[in-house]
Amino acid sequence: MGRLVAGWVIVAVVWLASAPASAFECPARIDEARGAVQKAEAALDRAKAAAKAAARGPLGKAKEMLAHAEAEHKGAGQDAKKHAEAVREARTAQGYAEEARLIAERL
């Protein structure tokens with residue numbers, strides 16, 4: 001019985017310790033998205049005209065989502081939901097940037 005209680009206490013402590021960390025991971029996700037946008041821009045500079053035209057749309061969306069994620073993070077304060085939204089938007093921006101990079105490199 002003592003082992004069971006000790007096990008639940010350990011699970012609770014780990015869960016409580018990890019919750020704030022995951023809610024405030026936006027700076028790392030924003031940095032990753034920013035790096036993906038930079039890679040996409042570099043690929044776009046080397047791309048042919050058709051690829052540039054096709055990749056501009058996703059790259060524009062990536063930049064828009066990244067700007068929104070940064071603004072959301074700045075205004076979030078201690079609101080975990082707002083930080084989670086910033087993480088989602090940064091990951092979405094990263095996805096759009098990866099799409100633009102792939103189009104620029106392979107089209």
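The first residue of the sequence shown is numbered 1, and numbering continues consecutively from there.
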In Å and rounded to the nearest 0.5 Å, what is the SG to CD distance from Cys26 to Glu70?
-> 11.0 Å
Ile103 and Leu66: same hydrophobic cluster, using ILVMFWY side-chain contacts below 4.5 Å?
-> no
What's the verdict on salt bridge (charged side-chain N to carboxylate O under 4.0 Å, His left out) for Arg29 and Glu32, showing C-alpha distance, side-chain angles and the deciding distance?
-> CA-CA 5 Å; Arg29 300 297 82 77; Glu32 288 173 359; 3.0 Å; yes
Is the shortest side-chain N to carboxylate O distance from Arg101 to Glu105 below 4.0 Å?
-> yes
Lys/Arg-Asp/Glu bridge criterion (N-O < 4.0 Å) met for Glu64, Lys61 | no
Check: Arg46 side chain, Ala42 main-chain N or O, donor-acceptor pair, under 3.5 Å | yes
Smallest separation among heavy atoms of Ala54 and Pro58, with atom names | O-CD, 3.4 Å
Between Ala47 and Ala104, what is the shortest heavy-atom contact and its length?
-> CB-O, 3.5 Å
Can you name the nearest heavy-atom pair linking Ala40 to Ala97, along with the distance?
-> CB-O, 3.4 Å
Between Arg91 and Glu25, is there a side-chain N and carboxylate O pair less than 4.0 Å apart?
-> yes
Apply side-chain contact (heavy atoms from CB on, under 4.5 Å) to the pair Lys48 and Lys52, showing each step before the final yes or no.
-> CA-CA 6 Å; Lys48 297 178 183 175; Lys52 284 183 181 183; over 6 Å; no
Nearest atoms (heavy-atom pairs only) where Ala50 meets Leu107 = O-CD2, 3.8 Å
Are Leu44 and Leu102 connected in the hydrophobic side-chain network, where two residues link if heavy atoms are under 4.5 Å apart?
-> no
Would you check if the side chain of His83 reaches a backbone N or O of Gly77 as a donor-acceptor pair within less than 3.5 Å?
-> yes
Can you check side-chain contact (heavy atoms from CB on, under 4.5 Å) on Lys63 and Glu41, steps first, answer last?
-> CA-CA 11 Å; Lys63 289 179 179 180; Glu41 287 174 334; 2.8 Å; yes
Applying side-chain contact (heavy atoms from CB on, under 4.5 Å), run through Arg34 and Gln94 and close with a yes or a no.
-> CA-CA 8 Å; Arg34 198 175 293 127; Gln94 185 176 1; over 6 Å; no
Same cluster for Met65 and Leu59 if Ile/Leu/Val/Met/Phe/Trp/Tyr side chains link at under 4.5 Å?
-> no
